[in-house]
Amino acid sequence: MTSADRSTHPESGTHVVGRRRFLGYVLAASTLVAAAELGAAPEAEAGIPSPEPTELLDLNDVMTAAALPTSNLITVEVHTDGTVSFALPRAEVGQGITTSTAMLIAEEMDVPLERVRVTLADARPELLFNQLTGASNTTISTYRPIRVAAAVARGRLLQAAAIELGAAVTDLTLKAGVVTDLAGRSIGIGALAEKAASVRTQQVAVELKPREDFTVIGTPRNRIDALAAVTGRKKFTMDLDVPDARPTMVCRPPTINGTVGSVSNLDEVRAMPGVTDAVVISTGVAVRAETFGQCIDAVRALHVVWRPGTAEGQSDESVLEDLRAAELPLGLPPLTPSVEGKFTFSFRGNSALEPNCAIADVRDDRADVWASLKSPIVAQETIAARLGLPAHAVTAHVAQGGGSFGRKLFFDAALEAAETSQKMGKPVKLMWHRADDCRQGRAHPMATSHVRVSYLGNTVLGYQQRHTSVATDLSHGLGEVFTALAARLPVGDTGFSETFFQLSQSMPYDFGVSSRLLSETNKDFNTGSMRNVYSPDVTCARELVVDRLAAKTGKDPFRFRRAFLHDERSRAVLDKVAEVGGWGRTMPAGTAQGIAFHSEYHSVSAALVEIDCRPETVNRPIRDGVAGPRVTKAVFAVDVGLAVNPRGLEAQMMGGVMDGIAQTLTSSLHLRDGYFLEASWDNYFYTRQWNTPPELEIIVMPTTTGEPGGAGELGVAASMAAVACAYGRATGTMPTRFPINHGTLSFTPKPTVPPIPPSPTDGLDHAH
């Protein structure tokens, strides 16, 4: 196919839009600006509908459809220096979407990847559902609009080049950002940027590059921001230079969501070295100083009388009692044989590598806020309401984020920074302490899951699962104010959660009549998703019962799963981990393999792990920590349909495997007397070097569907379940409470008053 075969076609009454033909716009501007309008989608292949709801419509489908009407507001711009820019309406938090987005543009426009500049868009309320980063939806929902906009720009450049070179469009080739004619004459896209611009907005039709011609999409590429990240030049929120924004921290209550009763020494604290301000805010007492060290000293010096919090007096045990009381019944026991399992999942922390932070500059008539925001439209609306300003007077700038895992769907720090700046009348650079994130931040809720599978001979007759959870805060909605408000209503939040649950959970096995129901209770906690919302717990419970069912029927766990999986894609990833991982090999007593499967958002995955539960491993000494079992090998296979950047996908799956290991074995928060005992990473045991598998292999399967599926959250559930299944096989006892080591408190809890511990004088004493 020549360059001209994919050129734009001026509007002429009606359009016949085929599988690769789409509508777009050339916008009125001084340089070339192009946008997409998805007037039609590719034809769907006919087939027999599946009774499984998520195979007909899942959460990602809903989010993608909701984003389509505003796709024409997302633009690709060509500049006179030969670069191409794109303001991505999503948040880059380390998942690599700026790189994959640049790859889409580079592919469709035939420009070098290094000449594509991807920035993050400020909050744009007009985008509605098109500015939420979550549910592994970014690449799925932006894949086609970005390519269409890039294709419009490409066609326009060719038309301008044809005029400049006096050649037919069909005789031109665009490659590496340069247009060349048959005679060898050439012109760069920078020289064409103004000539290709339009004085009026025009609708055009374009044809996208066929997959067989891809040279960028589907090839492994390094992150475009990797060098800046490893050399310290990448700018995160705390690196931004906002005039007069001084370090600010908050003295927080000793229990979850406590409030200030009184402060007896505000004036004394204001007089401390470096301190400029100290004010009471809705979540505590904010102090502003010349350095964060001075902020810590001031926070520790405050004398505050606190009112009770929302979780006053609650503990792991009392919350578990509430959950059990809220569990929905499975119904009458079946008349045929059945297998059951009841599982408990503890609270888990949601602290990303980057502390919760934000910068705010609030004036009488306007406000600017900088933070890593995954739901910036809701943040803008909420902050405006808190400040008493119209929404258009608040500018929410989306900064690069150092990790999220669901945490940055919430904008707690941004809201605090705005309130503090308004009360102080000065710009602030607000940062949470690690203890703040552990004790007052977002936690993945405690949950129970009850599973029953009935069978007769080799036939599975039915599957039932009742998942009960401390309420997950979904008040960010789908990224705009309407669903955010619905998710906050006393009744609406229940319906929203149940809808979210049903549209995000799948049943990959032919297990007869299947039902899953969610029940939520207890809204006293600051909760949120933790990279996968319900799926890790739900899948872990299911896969453990599948293992037990295989044992009851005398079947091998791998072959049992394979026999009941719905489709060939699913069987292929399971086969691959079994083959590469050497499923069924002879292993020493106290060690074992585990295998598990998980599907979501048009993607499938499987994990095989090997675990060592021998006493000499479990009891190995770890300073201030619990060693426990060790995962010695992990093999993970993933099929996302089309991997835009296989190298980035591999990195995401590595992180997901580490999350899965942590949630099964080591990572949890301990609730006692209304607060979490953990106060930093030194006593919150995410997967550490001493717990990382020496053998780790990620397998990205070849393209199957040709369309990208969800990836950001995909690696957690199968990994967690495989580790749990391996533990059950190694010990001979199916685990029922997670993480495995939750019952052992391996550290001395730090006090809650002062709310943050002193800074260590020698960091080496606190390193693992």
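Positions are given from 1, in the same order as the sequence printed here.
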> Is the backbone N or O of Val362 less than 3.5 Å from a side-chain atom of Ser421, with the two atoms forming a donor-acceptor pair by type?
Replying inline: yes
>> I need the full list of salt bridge (charged side-chain N to carboxylate O under 4.0 Å, His left out) pairs touching residues 389-414, with sequence neighbours left out, sorted by first then second residue.
In response: Glu354-Lys408, Arg407-Asp412, Arg407-Asp437, Asp412-Arg442
>> Distance alone, cut at 3.5 Å: any donor-acceptor contact between the side chains of Asn691 and Tyr686?
In response: no
>> Is the ring pair His670/His742 parallel, tilted or perpendicular, if the boundaries are 30 and 60 degrees?
In response: parallel
> Given Asp277 and Lys426, is the salt bridge (Lys or Arg N to Asp or Glu O under 4.0 Å) satisfied, shown in steps?
Replying inline: CA-CA 9 Å; Asp277 300 87; Lys426 300 171 184 176; 2.9 Å; yes
> Heavy-atom distance under 4.5 Å between the side chains of Met249 and Ile296, does that happen here?
Replying inline: yes
>> Tell me which one of Asn532, Ile661, Val657 satisfies side chain to side chain contact (heavy atoms under 4.5 Å, CB included) with Val716.
In response: Asn532
> Do Thr527 side-chain atoms and Asp473 backbone N/O form a donor-acceptor pair below 3.5 Å?
Replying inline: yes
> What are the two closest non-hydrogen atoms of Ser680 and Cys438, and how far apart are they?
Replying inline: N-SG, 3.6 Å
> Between Thr344 and Arg737, is there a donor-acceptor pair closer than 3.5 Å when you use the side chain of the first and the backbone of the second?
Replying inline: no
>> Between Gln95 and Gly712 (side chain of the first, backbone of the second, donor and acceptor by atom type, cut-off under 3.5 Å), is there such a pair?
In response: no
> Is a donor on one side and an acceptor on the other found under 3.5 Å between the side chain of Glu92 and the backbone of Gly94?
Replying inline: yes
> Looking only at atom types and distance, does a side-chain atom of Asn356 sit under 3.5 Å from a main-chain N or O of Gly441, one as donor and one as acceptor?
Replying inline: no
> With side chains defined as the heavy atoms from C-beta onward, is the minimum distance between Asp122 and Val398 less than 4.5 Å?
Replying inline: no
>> Looking at Arg434 and Asp436, is there a salt bridge between them, counting it only when a charged N and a carboxylate O are closer than 4.0 Å?
In response: no
>> Does any part of the side chain of Phe129, heavy atoms only, come nearer than 4.5 Å to the side chain of Met63, both counted from C-beta?
In response: no
> Is there side-chain contact between Pro739 and Thr664, with at least one heavy-atom pair below 4.5 Å?
Replying inline: no
> Is the His476 to Phe410 ring centre distance short of 6.0 Å?
Replying inline: yes
> Between CG of Asp322 and CD of Gln314, what distance do you get to the nearest 0.5 Å?
Replying inline: 6.5 Å
>> Run the side-chain contact (heavy atoms from CB on, under 4.5 Å) test on Phe685 and Ser746 for me, step by step, so that the C-alpha distance in whole Å, both residues' side-chain angles and the decisive distance to 0.1 Å come before the verdict.
In response: CA-CA 10 Å; Phe685 296 104; Ser746 63; 3.3 Å; yes
> Counting distance only, does the side-chain N/O of Ser264 pair as donor-acceptor with the main-chain N or O of Ser262 below 3.5 Å?
Replying inline: no
> What do you reckon, is NZ of Lys234 surrounded by more than 12 foreign heavy atoms closer than 6.0 Å?
Replying inline: yes
>> Considering only residues two or more places apart or on different chains, which pairs with a residue in residues 123-132 satisfy side-chain hydrogen bond (donor to acceptor under 3.5 Å, both in side chains)?
In response: Thr70-Asn130, Arg90-Asn130, Arg124-Glu126
>> When you compare the side chains of Asp368 and His397, does any donor N or O come within less than 3.5 Å of an acceptor on the partner?
In response: yes
>> If you apply the rule salt bridge (Lys or Arg N to Asp or Glu O under 4.0 Å), what do you find for Lys750 with Asp682, and how did you get there?
In response: CA-CA 11 Å; Lys750 294 180 173 68; Asp682 62 347; 3.3 Å; yes
> Could you go step by step and tell me if Met272 and Asp297 meet the side-chain contact (heavy atoms from CB on, under 4.5 Å) rule?
Replying inline: CA-CA 9 Å; Met272 291 178 66; Asp297 292 340; 4.1 Å; yes
> Who are the side-chain contact (heavy atoms from CB on, under 4.5 Å) partners of Thr499, not counting sequence neighbours?
Replying inline: Leu503
>> For a 4.5 angstrom cut-off between non-hydrogen side-chain atoms, does Thr420 reach Thr248?
In response: yes
> Is the closest side-chain donor-acceptor distance between Ser372 and Gln400 under 3.5 Å?
Replying inline: no
> Is there a side-chain contact between His303 and Val263 (heavy atoms, below 4.5 Å)?
Replying inline: no
Under 3.5 Å, which donor-acceptor pairs link side chains of residues 304-311 to any protein atom two or more places apart or in another chain?
unit_1: Arg307; atom_1: NH1; unit_2: Val260; atom_2: O; d: 2.6
unit_1: Thr310; atom_1: OG1; unit_2: Asn257; atom_2: ND2; d: 3.1
unit_1: Thr310; atom_1: OG1; unit_2: Asp524; atom_2: O; d: 2.5

> In Å, rounded to the nearest 0.5 Å, how long is the span from OG1 of Thr395 to CD1 of Ile383?
Replying inline: 10.5 Å
> OG/Ser469 to NE2/His444 distance, rounded to the nearest 0.5 angstrom?
Replying inline: 7.0 Å
>> With a 3.5 Å distance limit and no angle check, can you tell me whether Ser404 reaches the backbone of Gly406 through a side-chain donor-acceptor pair?
In response: yes
> If you look at every heavy atom in Pro755 and Val299, which pair is closest and at what distance?
Replying inline: CG-CG1, 3.9 Å
> Looking at OG1 of Thr259 and CZ of Arg252, how far apart are the two atoms once the value is rounded to the nearest 0.5 Å?
Replying inline: 14.0 Å
> Among all residues two or more places apart in sequence or in another chain, which pass the side-chain contact (heavy atoms from CB on, under 4.5 Å) test with Thr231?
Replying inline: Leu227, Arg233
> So do Leu127 and Pro89 actually touch side chain to side chain, heavy atoms under 4.5 Å?
Replying inline: yes
> Under 3.5 Å, side chain of Arg288 to main-chain N/O of Val275, donor-acceptor pair present?
Replying inline: no
> How many angstroms lie between CG in Leu415 and CG in Leu387, if you round to the nearest 0.5 Å?
Replying inline: 8.0 Å
>> Heavy-atom count check: over 12 atoms from other residues, nucleotides or ligands less than 6.0 Å from Asp364 CG?
In response: no
> Between Phe525 and Phe347, what is the ring plane arrangement, given parallel below 30°, perpendicular above 60°, and tilted in between?
Replying inline: tilted
> Are Glu327 and Thr448 linked by a side-chain donor-acceptor pair shorter than 3.5 Å?
Replying inline: yes
> Taking all non-hydrogen atoms of both residues, which atom of Ala326 and which atom of Ser519 are closest, and how far apart?
Replying inline: O-OG, 2.9 Å
> Do the side chain of Gln294 and the main chain of Thr291 share a donor and acceptor less than 3.5 angstrom apart?
Replying inline: yes
> Quick one: salt bridge (charged side-chain N to carboxylate O under 4.0 Å, His left out) pairs with a partner in residues 665-675, sequence neighbours left out?
Replying inline: none
>> Can you tell me how far apart CD1 (Ile359) and CE (Met431) are? Round to the nearest 0.5 Å.
In response: 11.0 Å
>> Ignoring hydrogens, what is the shortest heavy-atom contact between Leu669 and Glu678? Give both atom names and the distance.
In response: CA-OE1, 3.4 Å
> Are the side chains of Trp432 and Val250 in touch, meaning some heavy atoms are under 4.5 Å apart?
Replying inline: no
